[in-house]
Amino acid sequence: MPEGPTIIILKEAVQAFKGQKVLRAEGTTKKLDPALLNNRVITDFKSWGKHFLICFDTITVRIHFMLFGSYLINERKAAIPRLSLQFDDGELNLYACAVQLIEKPIDEVYDWTADVMSPAWDGNSAIRKLRENPAMLACDALLNQEIFAGVGNIIKNEVLFRIHVHPGNLVGNIPENKLAEMTEEAVNYSFDFLRWKKEFTLKKHWLAHTKKTCPRDHIPFHKEYMGKTNRRTFYCPVCQELYQDNEAP
DNA sequence: AGTAGTGTTCGGCC
DNA sequence: TGGCCGAACACTAC
């Protein structure tokens, strides 16, 4: 389900509920009492990376879909929703997600410049954070939500392939122009992901993720569980450059 | 039909 | 104190 672009699709899909009053809230979440939301008006839907934010007057409900989460709009399935919001003319059902109540103003909670899909995204800020973390691996850097909020494992693999950078590089050994490309393509690929996901053609467009062969060199991709995050990483050992002084994984 | 994975948090253990 | 690791969560596409 997740990765930032999917949350953008959800945010667009629920716009009709903006400004509406929650007639009844229920669900199995233990992080808040759903009744707390009864009769409250939704002032806005926002997102930060993979976080989906349901904003009320003074409080915000944070939804994170983790690996298996899902949602249905004006539909239900057999499972009992973690959180269900019912409106005059429809309902939003959220399954298998982490729910959290935010009582502080969200501008104090979130660094909007870190969200790759936000108009407030600031690539220079991301590059500065990368420079501050020279010992971080490239594959971990892209998954770091404080730097690239919204980037997930698919986007990580595709961005590193696009920019010809080996996932095992230490950030400190990657040339400046490549760090700039990394931040640019994190955004570009996220918007490509969004477009392809809407067209139901996302998988067809994968060049590296889950692939067996490099489309540039026609040699086998390496598949390794890499980095602190220990996530599936697909890369071409020929066209994705490993810069000097790196320890090959 | 079983397995692995678009993710994060938490607690235990050095 | 803190970093690392595995478990938990809970669904579904392949």
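Order of the sequence lines fixes the chain letters, A, B, ..., with proteins taken first and strands second; residue numbering starts at 1 for each chain.
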Nearest whole Å is fine: how far is B/dG5 C1' from A/F234 CZ? 10 Å
Using a cut-off of strictly less than 4.0 Å, decide whether A/K50 has a side-chain nitrogen or oxygen near OP1 or OP2 of B/dT8. yes
Using a heavy-atom cut-off of 4.0 Å across all strands, would you classify A/F193 as base, sugar-phosphate, or nothing? base
Pick base, sugar-phosphate or nothing for A/K30, based on heavy-atom distances below 4.0 Å to the nucleic acid. nothing
Separation of B/dT8 P from A/K228 NZ (nearest whole Å): 15 Å
Taken to the nearest whole Å, CG/A/L202 to C1'/C/dA13 is 14 Å
C/dA10 OP1/OP2 closer than 4.0 Å to side-chain N/O of A/R82: yes
Could you check how far CD1 of A/I155 sits from P of B/dG5, rounded to whole Å? 18 Å
Checking side-chain polar atoms at under 3.5 Å, does A/Q20 have a donor or acceptor matched by the opposite partner on A/D89? yes
Between A/R232 and B/dA4, does any side-chain N or O lie under 4.0 Å from OP1 or OP2? no
Centroid separation under 6.0 Å, is that true for the rings of A/F221 and A/Y235? no
Is A/K223 near enough to B/dG5 that one of its side-chain N or O atoms lies under 4.0 angstrom from OP1 or OP2? yes
Per nearest nucleotide of DNA chain B, the residue lying toward the 5' end, A/T229 or A/Y225, is A/Y225
When all nucleic acid strands are considered with a 4.0 Å heavy-atom cut-off, which category describes A/K203: base, sugar-phosphate, or nothing? sugar-phosphate
Rounded to whole angstroms, how far apart are CE on A/M136 and C1' on C/dC4? 16 Å
Distance between P atoms of B/dA4 and C/dG6 (Å, rounded): 16 Å
At less than 4.0 Å, is any side-chain N or O atom of A/H64 found next to OP1 or OP2 of B/dG7? Yes or no. no
Whole-Å distance separating the CD1 atom of A/I154 from the C1' atom of B/dG5: 10 Å
For C/dC9, give the paired nucleotide (Watson-Crick: N1-N3 plus N6-O4 or O6-N4; G-U: N1-O2 and O6-N3; both under 3.5 Å), or none. B/dG7
When the distance from CG of A/N230 to P of C/dG3 is rounded to whole Å, what number comes out? 18 Å
For A/K77, which contact category applies under a 4.0 Å heavy-atom criterion: base, sugar-phosphate, or nothing? sugar-phosphate
Taking the P atom of each, how far is C/dC9 from B/dA1, in whole Å? 26 Å
Find the distance A/F68:CZ to B/dA4:C1' and express it as a whole number of Å. 9 Å
Could you check if a side-chain atom of A/E3 sits within less than 4.5 angstrom of a side-chain atom of A/I154, using non-hydrogen atoms only? yes
I would like to know whether A/H166 and A/Y243 meet ring-ring contact (aromatic ring centres under 6.0 Å, His included); could you show each step before the answer? CA-CA 8 Å; A/H166 192 294; A/Y243 297 97; 9.7 Å; no
Distance only, no hydrogens: is a donor on one side chain within 3.5 Å (strictly under) of an acceptor on the other, for A/K223 and A/T210? no
Do A/L53 and A/Y71 belong to the same hydrophobic cluster, where Ile, Leu, Val, Met, Phe, Trp and Tyr are linked whenever their side-chain heavy atoms lie under 4.5 Å apart, directly or via other members? no
